[in-house]
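Here is the structure we will look at, set down as structure tokens.
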Amino acid sequence: MTGTDSTLAKGRRTKVDQVVLGNVYNKYESRNPVARRLLRGYFAALTELCGKLAPARLLEVGCGEGYLTRTLCSWWPRACVVGVDLSPDLFGVRDESSTTSRFLAQSVYELGFAASSFDLVVAAEVLEHLEEPEPALDEIERVARNYVVFSVPREPLWRVLNVIRLSYLRDWGNTPGHFQHWSASAFRSLIGARFEIIACRTPLPWTMLLARKKHPPP
């Protein structure tokens, strides 16, 4: 997730600059063997959660540079895939030749889509960057027709691993820009309050959930 947002859901406003928040480390192209192994576990878990889905329309919120969006396009080449983030300058890896994917500059707090527009919404490494995750969850719930996939860092493990690798020691291992810190159980409680949780995976060091709207449209 990049930036903070000038307009919150429900008409609430806050002053925010559109800047990249937090860790800008590109884990998707890292040559570090440990990072690559962790990422393989991440995608293996994501594949397990999404493998039986067949979305016709898919939205990734907080898509950043678009690496995961591109992967989702390869999984469902016939689906219409939309990636949104605050800054269009980030969309550096988008496939200009694709006729089924597009990138838009939008806030997760104010998504410019009709209700129930997407069969699947993906929010990967987004919610921990938000000072107010609840309004973002309102919007995700609104635009989702059925399924939603969430992933967040698993705490306190995430910070412990940062300390072990001597990163962000002044902040006790907290990655810059991480405002929220959920254990696996705490994150399940947050999401379960408004969605039906279908499956949970905990690839080191993340919590990943496949959820479904409790009252999907007919």
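Start at 1 with the first residue, then count along the sequence.
Val84 has its side chain within reach of Phe113: a pair of non-hydrogen atoms, C-beta onward, lies under 4.5 Å apart. By the 4.5 Å heavy-atom criterion applied to side chains, Leu68 and Val122 are counted as neighbours. A 4.5 Å side-chain heavy-atom check between Val148 and Ile140 finds at least one atom pair inside the cut-off. Counting only heavy atoms from C-beta outward, the side chains of Gln106 and Val61 never approach each other to under 4.5 Å. Considering only heavy atoms from C-beta on, Leu59 comes within 4.5 Å of Leu111 through its side chain. Contact annotation: the side chain of Leu130 never approaches that of Gln180 to less than 4.5 Å [non-hydrogen atoms, C-beta and beyond]. Between Leu104 and Asp85, the closest side-chain pair of non-hydrogen atoms is not below 4.5 Å. Between Pro55 and Phe118, every side-chain heavy-atom pair lies at or beyond the 4.5 Å cut-off.
In this structure Leu166 satisfies the side-chain contact (heavy atoms from CB on, under 4.5 Å) test together with Leu169, sequence neighbours excluded. With sequence neighbours excluded, no residue forms a side chain to side chain donor-acceptor pair (under 3.5 Å) with Thr71. Applying the salt bridge (charged side-chain N to carboxylate O under 4.0 Å, His left out) criterion to Arg142, with sequence neighbours excluded, gives Glu139. Applying the side chain to side chain donor-acceptor pair (under 3.5 Å) criterion to Ser185, with sequence neighbours excluded, gives Ser183. Considering only residues two or more places apart in sequence or on other chains, Tyr147 meets the ring-ring contact (aromatic ring centres under 6.0 Å, His included) condition with none of them. Thr69 is linked by a side chain to side chain donor-acceptor pair (under 3.5 Å) to Glu60, counting only residues two or more places apart in sequence or in another chain. Remark: Ser116 engages Arg145, Lys213, Pro217 in a side-chain contact (heavy atoms from CB on, under 4.5 Å) (not counting sequence neighbours). The side chain to side chain donor-acceptor pair (under 3.5 Å) check on Glu155 picks up Arg159, with sequence neighbours excluded.
Between Phe187 and Phe150, the ring planes lie perpendicular to each other; the angle is over 60°, past the 30° to 60° tilted range. By the 30° and 60° cut-offs, the orientation of the rings of Phe43 relative to Trp75 is perpendicular.
In this structure, a donor-acceptor pair under 3.5 Å is present between the side chains of Trp158 and Thr175. Side-chain contact check for Glu125 and Trp206: at least one donor-acceptor pair (N or O, by modelled atom type) lies under 3.5 Å.
A donor-acceptor pair is defined here as one N or O able to donate and one able to accept, closer than 3.5 Å; such a pair exists between the side chain of Asp119 and the backbone of Ala56. The main-chain N or O of Tyr168 is never found under 3.5 Å from a side-chain atom of Asn162 such that the two would form a donor-acceptor pair. The backbone N or O of Ser117 sits less than 3.5 Å from a side-chain atom of Arg57, completing a donor-acceptor pair.
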Start with the C-alpha distance between Trp76 and Leu120, add both sets of side-chain angles, then the distance that settles side-chain contact (heavy atoms from CB on, under 4.5 Å), and finish with yes or no. CA-CA 11 Å; Trp76 295 292; Leu120 173 63; 3.9 Å; yes
Go through it in stages, so that I can follow the logic: the residues are Leu72 and Leu58, the test is side-chain contact (heavy atoms from CB on, under 4.5 Å), and I'd like the CA-CA distance, side-chain angles, deciding distance and then a yes or no. CA-CA 9 Å; Leu72 297 173; Leu58 186 157; 3.7 Å; yes
Starting from the C-alpha separation in whole Å, work towards a yes-or-no answer on side-chain contact (heavy atoms from CB on, under 4.5 Å) for Leu210 and Cys50. CA-CA 8 Å; Leu210 172 63; Cys50 298; 5.5 Å; no
Distance-only criterion, 3.5 Å: show the donor-acceptor pairs between side-chain atoms of residues 190-205 and protein atoms not counting sequence neighbours.
residue, atom, partner, partner atom, Å
Arg194, NH1, Asp138, OD1, 2.6
Arg194, NH1, Glu141, OE1, 3.3
Arg194, NH2, Glu134, OE1, 2.4
Arg194, NH2, Asp138, OD1, 3.4
Glu196, OE1, Arg212, NE, 3.4
Glu196, OE1, Arg212, NH2, 3.3
Glu196, OE2, Arg212, NH2, 3.1
Arg201, NE, Glu48, OE1, 2.6

